[in-house]
Amino acid sequence: MTVESTAARKTTRGGGKRATAKKASPAKKKAVAPAPAEAEQDQLVQLLTPEGERVEHPEYSIDLSAEELRGLYRDMVLTRRFDAEATTLQRQGELGLWASLLGQEAAQIGSGRALRDDDYVFPTYREHGVAWCRGVDPTNLLGMFRGVNNGGWDPNSNNFHLYTIVIGSQTLHATGYAMGVQKDGADSAVIAYFGDGASSQGDVAESFTFSAVYNAPVVFFCQNNQWAISEPTEKQTRVPLYQRARGYGFPGVRVDGNDVLACLAVTKAALERARSGEGPTLVEAFTYRMGAHTTSDDPSRYRRDEEREAWEAKDPILRLRTYLLNEGFADQAYLDSVEEESEALGKRVREVVRAMPDPDNMAIFENIYADGHALVDEERAQFAAYQASFVDAEEN
Amino acid sequence: MTVESTAARKTTRGGGKRATAKKASPAKKKAVAPAPAEAEQDQLVQLLTPEGERVEHPEYSIDLSAEELRGLYRDMVLTRRFDAEATTLQRQGELGLWASLLGQEAAQIGSGRALRDDDYVFPTYREHGVAWCRGVDPTNLLGMFRGVNNGGWDPNSNNFHLYTIVIGSQTLHATGYAMGVQKDGADSAVIAYFGDGASSQGDVAESFTFSAVYNAPVVFFCQNNQWAISEPTEKQTRVPLYQRARGYGFPGVRVDGNDVLACLAVTKAALERARSGEGPTLVEAFTYRMGAHTTSDDPSRYRRDEEREAWEAKDPILRLRTYLLNEGFADQAYLDSVEEESEALGKRVREVVRAMPDPDNMAIFENIYADGHALVDEERAQFAAYQASFVDAEEN
Amino acid sequence: MAVFEKITLSKAINESLRASMEADPKVLVMGEDVGKLGGVFRVTDGLQKDFGEERVIDTPLAESGIVGTAIGMALRGYRPVVEIQFDGFVFPAYDQIVTQLAKMHARALGKVKVPVVIRIPYGGGIGAVEHHSESPEALFAHVAGLKCVSPSNASDAYWMMRQAIESDDPVIYFEPKRRYHDKGRLDTEAIPDPLHKARVAQTGTDLTLAAYGPMVKVCLDAAKVAAEEGKSVEVLDLRTISPIDFDAVQASVERTRRLVIVHEAPVFLGTGSEIAARITERCFYHLEAPVLRVGGFHAPYPPSRLEDEYLPGLDRVLDAVDRALAY
Amino acid sequence: MAVFEKITLSKAINESLRASMEADPKVLVMGEDVGKLGGVFRVTDGLQKDFGEERVIDTPLAESGIVGTAIGMALRGYRPVVEIQFDGFVFPAYDQIVTQLAKMHARALGKVKVPVVIRIPYGGGIGAVEHHSESPEALFAHVAGLKCVSPSNASDAYWMMRQAIESDDPVIYFEPKRRYHDKGRLDTEAIPDPLHKARVAQTGTDLTLAAYGPMVKVCLDAAKVAAEEGKSVEVLDLRTISPIDFDAVQASVERTRRLVIVHEAPVFLGTGSEIAARITERCFYHLEAPVLRVGGFHAPYPPSRLEDEYLPGLDRVLDAVDRALAY
Ligand SMILES: Cc1ncc(C[n+]2csc(CCOP(=O)(O)OP(=O)(O)O)c2C)c(N)n1
Ligand SMILES: Cc1ncc(C[n+]2csc(CCOP(=O)(O)OP(=O)(O)O)c2C)c(N)n1
Ligand SMILES: [Mg+2]
Ligand SMILES: [Mg+2]
């Protein structure tokens with residue numbers, strides 16, 4: 001089913017003051033590329049309503065077993081639990097910072113579960129749910145937030161690249177990787193995650209250009225969570241983001257980002273396009289950042305509580321749970337077992353993080369170059385001698 | 001009239017091998033932003049056919065007096081003459097380099113004559129025709145190509161910014177300038193020139209984003225001359241460039257860039273939109289670089305003569321001359337007088353350039369800072385002393 | 001509101017922006033999150049409320065766009081003060097800064113001015129994640145056409161920002177983010193030092209420590225410890241990185257005959273290399289010891305649990321003082 | 001094809017790219033106009049014809065995109081050799097180079113390698129327009145994670161490119177564009193010097209001239225003139241800018257006791273500043289004169305009619321030699 005998200009948009013921004021209010025009326029001239037009609041703008045693919053009702057979409061269908069559905073539920077619950085644990089660990093001083101995915105579980109689990117093992121993921125810094133789908137141990141994600149490393153996993157073990165903090169830059173890496181896949185003659189696909197704010201970066205535009213020109217097998221997955229720190233999406237664009245793709249010559253689609261089934265179906269279709277040589281697709285997952293930007297942020301300075309409340313009614317986990325229970329795909333016992341599992345996960349994360357040792361001082365000088373560098377060798381030796389001078393002093 | 005440029009495209013690239021051949025078939029799914037149909041892609045606004053026939057366009061009309069029409073002709077002829085003279089001067093060693101606009105006279109004169117005095121222009125390095133329209137003395141354009149300066153005019157005298165060589169960067173300056181115009185409450189407009197190659201630069205995309213978000217009064221005038229040095233437009237995009245704008249929320253239009261009337265009409269309309277608070281427009285002038293990229297370039301390495309020949313049939317000056325003569329707007333005497341004038345211009349340019357003195361050595365240290373800088377002062381003094389040491393040596 | 005007895009460095013910048021905006025309607029503030037949020041460090045707190053969205057502009061998330069449009073606004077007669085959110089995020093704007101902002105005045109033979117100030121919270125010591133703790137100043141100071149400054153205390157922060165905004169040249173204003181909360185005295189009616197002059201922060205006779213921004217405090221602390229050990233250390237707050245006030249360094253070194261330069265940025269091709277080279281040339285017969293440098297290593301800024309080792313601290317500065325004195 | 005008696009420097013790079021592509025199918029060449037045109041300097045001439053469009057890739061006009069996608073291809077196991085058309089056009093890619101390419105290996109704790117080579121034709125002396133004559137090497141050498149080299153002759157150009165491509169680290173390969181047509185001998189079966197070693201290009205006893213890339217020839221010429229005047233000047237071809245072979249400079253200076261560094265880049269914070277600072281530290285008691293530097297001024301690269309004054313030439317080098325010897 002295709003629904004209008006107008007209501008959602010109204011509640012998110014309180015209407016009236018949006019930059020788009022000033023927007024030019026759609027051009028009437030024929031030779032001018034017309035701004036799409038309002039109705040088309042706000043279409044978004046949905047397969048599961050906020051009320052947990054299963055609906056059909058003419059273009060995207062999905063047929064999952066009860067087990068698969070339960071699996072998606074479990075993924076989302078565990079991801080949320082992990083995320084909450086990390087937030088707590090930050091408050092307790094175990095992490096320096098945490099970027100919560102709260103509210104974006106469906107976008108991440110839906111898209112993450114659409115991937116094949118041989119596909120490759122280029123995340124931002126918030127894709128904890130996608131990392132989960134890839135089998136990256138969640139405790140590995142915490143190293144950079146604790147300050148013990150800048151990325152604690154081997155990207156090639158799970159085909160999940162390191163978190164990238166410089167906004168937008170990973171979209172080019174994804175495109176280049178996809179060009180490599182293409183050269184190899186493989187039928188794998190690549191997926192690049194980025195946010196609504198990131199859509200403004202020149203790098204993202206360049207990745208659209210390169211992927212279109214080379215027809216690279218890449219899916220651009222934009223989680224439009226309505227905010228880039230304190231800036232609403234209207235500060236980045238005056239038309240829906242999914243439309244950006246069209247001007248580069250590939251399709252864009254807006255999906256209900258809080259609907260795990262729709263995210264799964266739409267991403268799968270986009271990955272299929274990539275695999276079969278049809279090139280890039282832009283998926284805009286229309287979702288919401290329920291929490292602060294990071295634990296350093298204070299959203300009360302720039303957004304109203306009512307906005308968050310309105311989005312709570314569209315919670316991705318809630319609607320799947322309702323659906324599972326209503327349809328008898330899961331019972332309370334199953335939900336309880338997931339709850340238990342999530343508690344165990346929380347406990348394990350807590351324990352692992354608390355036991356995470358600080359790196360050795362000399363790690364400063366490691367892995368800067370693969371083939372070594374004379375200056376690094378010199379500085380390493382000097383620093384070692386300097387440190388030893390204290391030990392000597394202490395010993396004397 | 002709306003004509004299909006398919007034929008033109010076929011002759012320009014020889015078909016078959018285009019990157020777009022691999023292009024995905026237009027998506028069929030409704031929620032997916034569909035790739036525009038072929039027919040729409042290739043529409044371009046035309047008011048004067050290559051054969052010199054005046055045609056009407058349902059959206060763009062223009063009504064010029066005979067004098068105005070002759071003026072456009074004169075502008076184009078003189079611009080072409082100036083350009084040819086500069087090419088010759090380069091061959092004679094008077095200039096280090098020249099970037100010829102040959103073939104792009106209509107795009108530049110048409111758009112340039114659409115401007116009001118209070119509008120502001122941000123050119124690339126090839127807008128000699130626009131400079132002409134702004135009243136910049138053409139000999140001033142030659143300073144940078146001769147190597148006596150990096151930009152020899154006061155941008156504010158004619159509201160014509162300096163030539164910008166770093167591809168795409170001026171589009172952001174134009175956008176910022178337009179934001180300033182808006183803040184001032186003025187109803188001036190700003191126009192940013194760039195090429196088909198430039199469309200790939202992140203800066204150009206960012207200028208689209210900024211101008212759309214702030215609804216800035218700027219016109220993006222892309223001269224798609226089919227080539228970025230040796231690379232055909234297919235290396236930059238797989239759909240027509242004018243469509244790029246749509247995804248940013250403003251209209252794009254493709255105009256016959258060899259039709260001075262259409263370029264004038266379309267640019268005027270776009271400037272009007274800007275003035276009246278409707279924000280940015282992208283104009284793609286579909287034209288052709290008849291010469292080499294610059295005098296350093298050798299197009300025989302990458303393009304076939306037939307392509308150029310096909311475009312010669314669409315020459316912008318030829319078609320206007322035919323029209324003027326056929327309609328009796330000008331007679332041979334007028335044409336001859338323009339010819340004479342152009343010879344005089346050529347002579348003046350030649351003379352001025354040959355007399356252009358080299359800058360004083362100490363100019364190296366001038367105008368680096370508006371408020372001075374101690375290091376520059378130190379280096380200036382050292383260099384002066386160093387130079388004086390030779391004079392002393394000679395004198396002794 | 002002439003005198004603040006105890007104002008934080010960040011609040012001093014805020015006051016400076018406010019005063020500049022009041023004094024000149026052409027002054028604009030722009031950047032990511034500078035509006036309602038007041039910037040991630042709250043340096044622009046309250047400005048949008050008081051000066052409106054037309055003068056305090058939340059921009060799209062695109063640094064090249066921010067600087068590029070700021071250049072355009074400057075060409076139109078405005079004086080934009082641009083915030084880059086963190087040091088590590090200035091690089092998407094590097095092209096606009098280096099090829100356009102720095103060169104436009106010269107390109108136009110002086111016919112246009114581009115008075116853009118770029119504020120960059122820089123340096124480490126705040127336990128942040130990657131890209132949030134870097135010191136890229138040498139990458140800007142090397143480029144002709146830019147001026148670079150970095151205050152070490154609240155009063156300088158205020159005055160240097162006012163002067164930077166008044167300057168007709170582009171100024172990169174490096175804010176020592178780990179000193180944002182340090183408090184100092186500010187008299188907004190005092191007569192400020194010129195923007196491009198160093199200042200002796202502590203007189204001494206045996207050795208000169210030269211630093212700027214966040215490292216001035218470390219050097220003052222080191223001088224204190226050294227004093228307890230009977231060594232008289234002069235501390236020079238350089239304040240300006242382009243130009244560097246070599247005359248002041250030379251004058252100090254001619255007295256003390258020894259120089260140690262301290263900065264957080266990597267030593268290799270850091271600003272200390274230029275100071276060492278030039279002062280050695282100027283003071284060849286005065287120097288009792290080679291000019292020594294204390295700074296970051298030739299390594300990416302490390303994860304925060306290692307930053308105390310990476311950053312020049314009291315011990316490493318004192319070690320260099322000892323080594324210089326041992327000559 | 002083992003020995004070329006007279007091969008131009010640009011052709012030597014071409015041969016090197018060809019040999020590298022033949023040796024390893026993962027080697028790719030990419031950039032603007034590198035295909036049919038063979039690059040604006042023809043360095044990639046004929047490669048697309050022989051290796052196809054899949055391996056010699058004409059890219060969209062977007063330097064950040066070029067380097068960013070090259071990183072992605074390197075992550076996939078390729079070894080891209082990227083051409084930046086001119087020195088002044090590398091800056092749109094600066095963010096990708098500094099924040100991604102340079103740091104990715106460290107970020108991954110060594111788990112990934114990013115063997116990208118970035119070719120930058122650099123330096124002046126060719127009478128070009130703005131942005132086509134710059135020497136930005138210090139802006140890269142300051143950044144940990146990158147390696148920087150610059151050959152001065154055809155044989156080095158060949159071998160250093162082969163080694164750069166074989167290196168698992170990102171290498172910025174600065175091509176002295178005004179030497180592209182200079183001819184030299186090349187033996188493609190010789191045993192090359194290591195990539196990161198300097199070489200004594202001319203022995204001498206009174207003073208050391210250190211240079212790299214385009215300035216080596218100027219220094220050799222200066223040494224010749226100096227010799228006629230009875231001064232024995234050693235010329236060191238540094239070859240590598242990150243790391244710098246300080247051991248070689250030190251060894252030379254310990255013999256000659258005087259050092260002059262020559263580069264086209266601005267002196268202020270140029271590579272000469274680092275060499276001067278470090279060598280002064282290493283050779284404090286050996287130096288009879290301060291290390292002197294000859295280079296560009298703190299000014300935008302001037303219009304070409306002034307470049308002979310701006311660039312270090314024979315006279316300015318000899319002037320510095322005289323000044324150093326006068327101590
Ligand atoms: C180049 C760059 N500029 C600025 C920042 C600081 N920053 C971190 S996250 C962020 C907002 C990102 O918004 P969005 O892309 O919507 O992603 P979200 O955080 O909402 O997931 C900003 C401005 C950065 N990391 N990189
Ligand atoms: C950032 C940057 N990269 C590369 C170049 C070198 N260059 C100069 S012109 C040009 C092609 C430009 O093509 P297009 O934008 O189509 O303009 P045209 O020359 O056809 O008018 C290139 C690659 C440059 N000037 N700036
Ligand atoms: Mg967001
Ligand atoms: Mg072109």
Side-chain angles (χ1 to χ4, degrees), chain C residues 63-64 88-99 102-103 105-107 130-131 134 136 138-145 242-244 261 265-285 287 289-293 296-302 327, chain D residues 63-64 88-99 102-103 105-107 130-131 134 136 138-145 242-244 261 265-285 287 289-293 296-302 327:
Chain C
E63 286 76 9
S64 190
F89 307 139
V90 69
F91 299 112
Y94 197 71
D95 176 55
Q96 283 286 347
I97 295 172
V98 167
T99 73
K103 294 187 166 73
H105 179 69
R107 189 177 295 150
E130 205 187 349
H131 309 292
E134 296 167 11
L139 303 173
F140 296 88
H142 184 51
V143 178
S242 175
I244 289 171
I261 305 150
V267 164
F268 187 81
L269 277 169
T271 51
S273 67
E274 178 61 41
I275 300 173
R278 203 164 293 243
I279 291 301
T280 303
E281 200 177 331
R282 287 199 186 187
C283 307
F284 190 62
Y285 292 119
L287 282 168
V291 178
L292 299 185
R293 297 171 289 162
F297 301 110
H298 191 69
Y301 196 90
Y327 273 81
Chain D
E63 286 77 7
S64 189
F89 307 139
V90 69
F91 299 112
Y94 197 70
D95 176 54
Q96 282 287 348
I97 295 172
V98 167
T99 73
K103 294 187 167 73
H105 179 69
R107 188 176 295 147
E130 206 188 349
H131 310 291
E134 297 167 10
L139 303 173
F140 296 89
H142 183 51
V143 178
S242 176
I244 290 171
I261 306 150
V267 164
F268 187 80
L269 277 169
T271 50
S273 67
E274 178 62 41
I275 300 172
R278 202 164 293 245
I279 291 301
T280 304
E281 201 178 329
R282 288 200 186 186
C283 307
F284 190 62
Y285 293 119
L287 283 168
V291 178
L292 299 184
R293 297 171 288 162
F297 301 109
H298 190 70
Y301 196 91
Y327 272 82

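Here is the naming used below: chain letters follow the sequence lines, and residue numbers restart at 1 for every chain.
Heavy atoms of C:V267 lying under 4.5 Å from chain D belong to its backbone as well as its side chain. Residue contact with chain C, scored on non-hydrogen atoms closer than 4.5 Å, involves the backbone of D:V291 exclusively. C:E134 touches chain D through its side chain: at least one heavy atom from C-beta onward sits under 4.5 Å away, while N, CA, C and O do not. With a 4.5 Å cut-off on non-hydrogen atoms, D:E130 touches chain C through its side chain but not through its backbone. When heavy atoms are compared at a cutoff of 4.5 Å, D:S64 does not approach chain C at all. Using a 4.5 Å cut-off between heavy atoms, D:H142 touches chain C through backbone and side chain atoms alike. Of the atoms belonging to C:Y285, it is side-chain heavy atoms, and not backbone ones, that fall under 4.5 Å from chain D.
Highest contact tally toward chain C, considering only D:F284, D:F89, D:Y327, D:F297, is held by D:F284 [criterion: heavy-atom pairs under 4.5 Å]. Among C:G272, C:A276, C:P266, the residue making the largest number of heavy-atom pairs under 4.5 Å with chain D is C:P266. Of all the listed residues (D:G88, D:A138, D:C283, D:A106), the one sharing the greatest number of non-hydrogen pairs under 4.5 Å with chain C is D:A138. For the set D:G270, D:G296, D:S242, the count of heavy-atom pairs under 4.5 angstrom toward chain C peaks at D:G270. With chain D as partner, the option from C:A265, C:A141, C:A102 having the largest number of non-hydrogen pairs under 4.5 angstrom is C:A141. Note on D:A299, D:P243, D:A289: by heavy-atom pairs under 4.5 Å with chain C, the leading option is D:A289.
Partners of D:E274 by salt bridge (Lys or Arg N to Asp or Glu O under 4.0 Å), not counting sequence neighbours, listed by chain and number: C:R293, D:R278. Qualifying ring-ring contact (aromatic ring centres under 6.0 Å, His included) partners for C:H298, counting only residues two or more places apart in sequence or in other chains: A:H373, C:F268.
The aromatic rings of C:Y94 and D:Y94 sit parallel, their planes meeting at an angle under 30°, below the 60° perpendicular limit.
Listed here is the closest heavy atom pair of D:T99 and C:H131: O-CE1, 3.8 Å.
Atom-to-atom distance recorded for D:L269:CG and C:I244:CD1 is 6.0 Å, nearest 0.5 angstrom.
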